[in-house]
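Shown next, in structure tokens, is the structure this report addresses.
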Amino acid sequence: MHEAHNFIYNFPFFCIILTMVGGVVMPFIRNGWIAQKINMGIIAAVGGMNVAVLCQLMVDGGKTVTYMMGHFPAPFGNEIRFGPMEAIMALCFCLVMGMSILGGLKDIYHDVRKGKQNLYFLMINLLLCSLLALIYTNDMFTGYVFIEINTIAACAIVMSKDSGETIVATIRYLIMSLLGSGLFLMGISMLYGITGHLLMVPLKDSIGDLVTSGQYAIPLTVIIGLISLGVAIKSALYPFHSWLPGAHGSATTSSSAILSGLVLKGYIILLIKVIYRVVTPEVMAELQITNVLLVFGVVGMIMGSVRALKERHIKRMIAYSSVAQIGYIFMGIGLGSTVGIMAACFHILSHAFTKPMLFCSAGALVDASGHNYDFKKLRGSALKNPLAGIAFTVGGLSMIGIPLMAGFPSKLYFSTGAIQGDWFRLGVVLTALAISTVLNALYYLPAIINMWTPKKSQEASHGHDHGDAHGAHDAHGGDAHGHAEELANVEDHEDEHEEVHEKPRITVSFVVSMVIFLASNFALGIFYQPLMNIIEQGISVL
Amino acid sequence: MGNFIMNHYYEITAVILFGIGFISLLLHSNLIKKIVGLNIMDTAIYLFLASRGFIHGRVAPLLIGTTVPEDGVYINPIPAGLVLTGIVVSVSVTAFSLALTQRLYKKYHTLNLDEILLLAKKEVSK
């Protein structure tokens, strides 16, 4: 508990306020292009401020700073509290947010109605604001309020495409989210009822007292269960994932990328903070909640991949893969050890850098193949847009866990965490990791091979079929012949239509976004040790 | 047991209401009923907070006159503040879901979510 004297320690609060003000300003900027530029400026400024905060924290020896809002002391005031872990999470979230928008910029202008595009960026600002607040807050009820803001903003960026499909997906997402936040709020209310605190630090003390005195044992279990369940529903842990493929699969490219990469993680970071700052891992283990999370996580890892295997819609396949990855993160939390949580935090980052890259490149590939989402029809699309192809390949291999890429160190640390546990956990986790890796390979590799295979052979057989059909028509004489000519004309038109998409216009923003995503993916995969040290330091002072 | 119920009837009512709201939000296929369920669920939480926050024989922390009364007279004002914040949140969420429902009704001419899902699936497969 250090008093904040350094000016830089005001920055987390400035970040939250800046994004919120940015959101309020957006409706007055009619032009979507200008709105996007302002939005990128805000994201860059917030990212820069987080770099400063991280550097200052590391210079000061990796401590945690408590920032009292308005200098009101504990029972009445609201607090922001941040250490190295929060700073690095916020920094990465800003980076991923900016790159996701750049990567799907073409689709935003295509999918969102003209004149409403500024409102899309309003929602992006609110989303970033609520994510930062979830990362930085030290107050349970503030956490709840920003969870709701996050929900509304996330639903709004799903429905921005404004087709029947996305509105249906949004309402399903909204209903499940509201169930989750209702449970979370009930948990907080009960917690306040038995402890009389909402700030995390006094809560920890009074929960410690309750546990040692043995009072309120059942309510405490119920409360932690409610909070965990609420977070699990909102971050799509396996049996509660039903809303995810629709919402992530039908939204516009950037929305899918941001939802998968960031929104799901914001809640998990809050849960990790609750575990460390409020409940303490020992109490979690004592109440058996870590074991429950471990089981759900392991089931999610496998079932998410199995469902992804069956999927033919490319974006829904990537969405199901997110379900599996959320399973990984909950498994890390469920290990109950520090290494497990470290692995979970690292996986949050590696997934945050990989999944948006997959969604953005998939969006570009779909664009290159004439807006076809079917897996089979994407054949050869990577040859038309090689950069997107490379990004998808790297993303897929990273998800499988090939060394040098971001997915590998997280699997390494999950295994390390498992080895430190007892024999039962070791067996379960290593088996699940092995099965899940094979399943990941089973659906990513065919997709990658498919999109790099030239279309030639298929087209040849296609043409042959048509030739036969023409022959049959000729046999029928004049009328039929005319019909055949018509058919041929139609075919020509279709060819022309395809040729329009033959050379997709690769925009500068897409190139920038993909290059940065690729670079950070390899950076995470190769130089993971410094990042891991920061996370370890951050967790030790959390 | 009877004594326990008599002493905690507010909390018990709140939890029962929460369950009713939760189940209707989860299981009803009519969108309006779902939203009503959401409101019942939220109201149950406010009942819980308000009842936990009130202590018999104490007054709201307002200074009347100039004499400062001794400790133990006032009620902690934070639960009331939480209820107010919660009401604001639930109003905005309700408005958002009603707007979505209206859009869906204009598009599909039904409020039944199961039917809407079927119609949307057909639309996509076309």
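Keep in mind the model is a prediction, meaning the values are calculated, not measured. By convention in this document, chain letters (A, B, ...) are assigned in the order of the sequence lines, proteins followed by strands, and residues within each chain are numbered from 1.
- The part of B:V89 that comes within reach of chain A is its side chain, from C-beta onward, which places non-hydrogen atoms under 4.5 angstrom from that chain.
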- request: Take B:F54 and B:H56 through the test ring pair (Phe, Tyr, Trp, His ring centres under 6.0 Å) and record every step on the way to the result.
  value: CA-CA 7 Å; B:F54 181 70; B:H56 267 289; 5.5 Å; yes
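- If you measure heavy-atom distances from A:L179 to chain B, the contacts under 4.5 Å come from both the backbone and the side chain.
- No hydrogens or angles considered: a donor-acceptor pair under 3.5 Å links the side chains of A:S255 and A:Y120.
- The side chain to side chain contact (heavy atoms under 4.5 Å, CB included) with B:F18 is formed by just one residue from the set B:T13, B:L47, B:I45; it is B:I45.
- Distance CZ/A:R307 to CZ/A:R316: 8.5 Å, rounded to 0.5 Å.
- Between A:H248 and A:Y173, the two ring planes are perpendicular [angle over 60°; tilted spans 30° to 60°].
- Contacts between A:M159 and chain B at a heavy-atom distance below 4.5 Å involve the side chain alone, from C-beta outward.
- The shortest distance between side-chain heavy atoms of A:I157 and A:V263 does not fall below 4.5 Å.
- Contact annotation for A:L183: both backbone and side-chain heavy atoms come within less than 4.5 Å of a heavy atom of chain B.
- A:F146 is linked by a ring-ring contact (aromatic ring centres under 6.0 Å, His included) to nothing, counting only residues two or more places apart in sequence or in another chain.
- Heavy atoms of B:F48 lying under 4.5 Å from chain A belong exclusively to its side chain.
- For B:T101, the parts lying under 4.5 angstrom from a heavy atom of chain A are both the backbone and the side chain.
- Within residues 31-40 of chain B, the residues that have a heavy atom under 4.5 Å from a heavy atom of chain A are B:L31, B:K34, B:L38, listed by number.
- With sequence neighbours excluded, no residue forms a ring-ring contact (aromatic ring centres under 6.0 Å, His included) with B:Y108.
- The candidate from A:I149, A:V145, A:I152 with the greatest count of non-hydrogen atom pairs under 4.5 Å with chain B is A:I152.
- The choice from B:L49, B:L25, B:L82 that makes the most heavy-atom pairs within less than 4.5 Å of chain A is B:L82.
- Taking the six-membered ring for Trp and thresholds of 30 and 60 degrees, A:H241 and A:Y238 have nearly parallel ring planes, at less than 30 degrees apart.
- In this structure, chain B has no heavy atom under 4.5 Å from any part of A:S250.
- Per-residue counts of heavy-atom pairs under 4.5 Å with chain A were compared for B:L119, B:I116, B:L117; the largest is that of B:L117.
- Remark: B:R52 engages B:E11 in a salt bridge (charged side-chain N to carboxylate O under 4.0 Å, His left out) (not counting sequence neighbours).
- No donor-acceptor distance shorter than 3.5 angstrom exists from the side chain of A:K315 to the backbone of A:G363, with no hydrogens or angles considered.
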